[in-house]
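A note on names: the letters A, B, ... follow the listed sequences, proteins ahead of strands, and every chain is numbered from 1. The figures that follow rest on heavy atoms only: side chains count, while hydrogens, waters and symmetry mates do not.
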There are 2 protein chains.
Amino acid sequence: MPQEWDDTLRASGYRVTPQRQLVLEAVSRLEHATPEEIYADVRQTARGVNVSTVYRTLELLEQLGLVAHSHLFHGAPIYHLATQAQHVHLVCHRCGQVTEVDRAAVLPLVTALEEAEGFQTDVGHLTIFGLCAGCRPAAPPLGQVSATA
Amino acid sequence: MPQEWDDTLRASGYRVTPQRQLVLEAVSRLEHATPEEIYADVRQTARGVNVSTVYRTLELLEQLGLVAHSHLFHGAPIYHLATQAQHVHLVCHRCGQVTEVDRAAVLPLVTALEEAEGFQTDVGHLTIFGLCAGCRPAAPPLGQVSATA
DNA sequence: TTACGTGCAAAGTCTTTGCAACCAT
DNA sequence: ATGGTTGCAAAGACTTTGCACGTAA
């Protein structure tokens, strides 16, 4: 259903504007982007668009359930289409690489939390930090960030 | 070993100062606190301490592996003692309650990611969003944030 | 036509940085 | 004594807000 976004807007009493389309397209194209990146992307098409519009639009689109965000890095919210929300982000502490894994990978977790705590996990909002296959050492001590003195 | 923090500092060539002690105590006492909250707490004891010192100290203590932080809410880093790092935070979307569960609860996840992706999960950094037992409805549709129009 | 949405600029929040005085070692 | 630390204030990064004009419906 990624084509009826405009219906969703209108159905909720909001207007369909080029800015909103541009932002949604940017989120779709970039897949994982900060407001700033989305802003930059949008500007390549329409120079007039303002940052505040991007923020306001992202907020609206999130309210409507069209996009979602997670906090992958320090202070930078990352937006993505809600239709891709049902995956989990793996973020590598060392190289910063973001990998997506299917929600199936975390089903054992969801089940465990459900049983142990009665907690209903929001899988689409889940971000997992650690070391990716390429960065993890052979015998990894699960270390903290190495001090730089 | 929560008493040898000063040795850790000195061993790494850093000085032991009242400010650093106060910040560490605040993190310990508050358990889950933002820099702002830590600052407020520290000020109750020593009025002279400055915000920038709190930030600098948190950064240092994190480098040394004495404290750690996670991103629990919108843009707000939450600090806690690294000795309590090996637990997972469950954050309720509706009531905001933060629950801690033992890392054992996520072992199935860690194992699954290890096998499927070769990804080494940093359990201490893991924050899971969802609905807590008290907030989840009987037949919960895992909804987005409700629109306020 | 009507009022929702946008651009613009200013204000706000949170965090970082430069520098001289200060104090742990 | 000596250089790591701190306080202070200013700068920075990111996000929000007020208002008048533009525009979707």
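One can place OH of B:Tyr55 at 12 Å from C1' of D:dA13, the figure rounded to the nearest angstrom. Between the P atom of D:dT5 and the CD atom of B:Gln63 lies a distance of 11 Å, rounded to the nearest Å. Going from atom CG of B:Leu22 over to atom C1' of C:dC23 covers 15 Å, rounded to whole Å. Look at CD on A:Glu59: it is 19 Å from P on D:dC14, rounded to the nearest Å. In this structure, CZ of A:Arg10 is placed 12 Å from P of C:dG5, rounded to the nearest angstrom. For the pair A:Leu58 CG and D:dT16 P, the computed distance is 10 Å after rounding to whole Å.
At D:dG7, one or more side-chain N or O atoms of B:Thr53 fall inside 4.0 Å of OP1 or OP2 (strictly under the cut-off). Contact annotation: A:Gln19 reaches the phosphate of C:dG7 (side-chain N/O to OP1 or OP2, under 4.0 Å). Contact annotation: B:Arg56 side-chain N/O to C:dT16 OP1/OP2 distance is not under 4.0 Å.
A:Thr17 contributes no side-chain N or O that forms a donor-acceptor pair with the base of C:dC4 under 3.5 Å. Scanning atom types as modelled, one donor and one acceptor separated by under 3.5 angstrom connect the side chain of B:Arg15 and the base of D:dG4.
Side-chain proximity of A:Val16 to the nucleotides D:dT5, D:dT16, D:dA25 is greatest for D:dA25. Among the nucleotides D:dC14, D:dT16, C:dA24, the one closest to the side chain of B:Pro18 is C:dA24.
B:His80 and B:His32 have tilted rings, their planes meeting at an angle from 30° to 60° on a 0 to 90° scale.
Each of B:Arg43 and B:Arg20 was assigned the nucleotide of DNA chain D with the nearest heavy atom; the assignment lying further toward the 5' end belongs to B:Arg20.
Among the atoms of the strands shown, none is found under 4.0 Å from any heavy atom of B:Val51.
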